[in-house]
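Here's the structure, in structure tokens; my notes come after.
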Amino acid sequence: MLNVKAETQMLDTVQDFIHESLEKAGIDADIKALTQLDVAVEEVFVNIANYAYAPNTGDAIIEAQVSDGSVLTVSFIDSGKAFDPLAAEDPDVTLSADERGIGGLGIFLTKKFMDKVEYQRKDDKNILTLTKKF
């Protein structure tokens, strides 16, 4: 478990923690899978940093575990404003960037890159869990 300030400058620390979890489990992820994981982690953590506690700041807890030898589960936990990023409709990616509304593309990519993405609000905390099989 990693507990950090929910600030964008902590992103490298978060990603290093998750990479170390993979290494400790003996998972040698290919570059494509690792890049997808990094994009998803960045999207989730930066959104927590920018919006969960705005205009103030707070903490984020990141839990990472490997099961069945190759399944990584990462949970992001914050005590910020209730927000379910999965509730928003997916953007229409057939439209040009100018025609599409702002927002939603990052969580859309996260859902595409991960095998499972789940949200729950429990004990006044947002819990977003990403699962990826390597």
Side-chain angles (χ1 to χ4, degrees):
M1 179 174 69
L2 176 69
N3 190 335
V4 295
K5 284 288 181 199
E7 299 172 347
T8 56
Q9 61 265 29
M10 297 305 297
L11 176 61
D12 287 343
T13 301
V14 172
Q15 287 185 321
D16 288 346
F17 168 72
I18 293 169
H19 288 195
E20 288 168 12
S21 297
L22 289 172
E23 288 172 20
K24 285 178 187 174
I27 295 175
D28 185 22
D30 66 61
I31 192 69
K32 179 182 177 186
L34 201 54
T35 299
Q36 290 175 338
L37 177 63
D38 286 347
V39 167
V41 167
E42 179 176 352
E43 170 63 22
V44 173
F45 185 75
V46 169
N47 279 345
I48 293 169
N50 288 335
Y51 303 113
Y53 300 100
N56 301 312
T57 189
D59 291 337
I61 297 170
I62 295 86
E63 297 175 345
Q65 68 179 43
V66 175
S67 60
D68 297 331
S70 64
V71 179
L72 174 69
T73 302
V74 180
S75 294
F76 295 85
I77 305 162
D78 69 77
S79 299
K81 298 173 212 124
F83 178 70
D84 179 358
L86 305 178
E89 192 172 310
D90 287 343
D92 184 349
V93 294
T94 63
L95 299 174
S96 71
D98 291 335
E99 295 173 308
R100 250 190 340 258
I102 294 175
L105 191 56
I107 195 67
F108 172 77
L109 290 174
T110 297
K111 291 189 293 188
K112 292 295 178 197
F113 291 161
M114 299 295 104
D115 294 309
K116 186 171 19 170
V117 181
E118 298 174 300
Y119 170 82
Q120 64 177 319
R121 180 80 177 173
K122 185 176 179 185
D123 299 328
D124 292 328
K125 295 182 185 328
N126 294 302
I127 305 169
L128 188 68
T129 302
L130 312 179
T131 304
K132 184 158 185 73
K133 182 171 176 28
F134 287 89

To the nearest 0.5 Å, what is the distance between [atom1] ([X]) and [atom2] ([Y])?
{"X": "Leu109", "Y": "Glu42", "atom1": "CG", "atom2": "CD", "answer": "11.5 Å"}
{"X": "Leu2", "Y": "Phe17", "atom1": "CG", "atom2": "CZ", "answer": "5.5 Å"}
{"X": "Leu130", "Y": "Ile18", "atom1": "CG", "atom2": "CD1", "answer": "8.0 Å"}

Item to check | All pairs passing side chain to side chain donor-acceptor pair (under 3.5 Å) where residues 15-33 contributes a residue, at least two apart | outcome: His19-Asp38
Side-chain polar contacts of residues 62-76 - donor-acceptor pairs under 3.5 angstrom, sequence neighbours left out - could you list them?
from, atom 1, to, atom 2, distance (Å)
Ser70, OG, Lys133, NZ, 3.1
Ser75, OG, Thr129, OG1, 3.0

Checklist entry - Taking only residues two or more places apart in sequence, or in another chain, which ones meet Thr8 in a side chain to side chain contact (heavy atoms under 4.5 Å, CB included)? => result Val46, Ala49, Asn50
Checklist entry - Taking only residues two or more places apart in sequence, or in another chain, which ones meet Asn3 in a side chain to side chain contact (heavy atoms under 4.5 Å, CB included)? => result Asp59, Ile61
Checklist entry - Is a donor on one side and an acceptor on the other found under 3.5 Å between the side chain of Tyr53 and the backbone of Ser79? => result yes
Next on the checklist: For residues 75-88, which residue pairs pass the salt bridge (charged side-chain N to carboxylate O under 4.0 Å, His left out) check, not counting sequence neighbours?
Outcome noted: none
Checklist entry - Using a side-chain heavy atom cutoff under 4.5 Å and only I, L, V, M, F, W and Y, what cluster partners does Ile31 have? => result none
Next on the checklist: Connecting only ILVMFWY residues whose side-chain heavy atoms lie within less than 4.5 Å of each other, what is the rest of Phe83's hydrophobic cluster?
Outcome noted: none
Checklist entry - Looking at side-chain heavy atoms only, is the closest gap between Leu22 and Leu37 below 4.5 Å? => result yes
Next on the checklist: Please enumerate all residues that pass salt bridge (Lys or Arg N to Asp or Glu O under 4.0 Å) together with Lys125, with sequence neighbours excluded.
Outcome noted: none
Checklist entry - For Tyr51, which residues count as a side chain to side chain donor-acceptor pair (under 3.5 Å) partner, sequence neighbours excluded? => result none
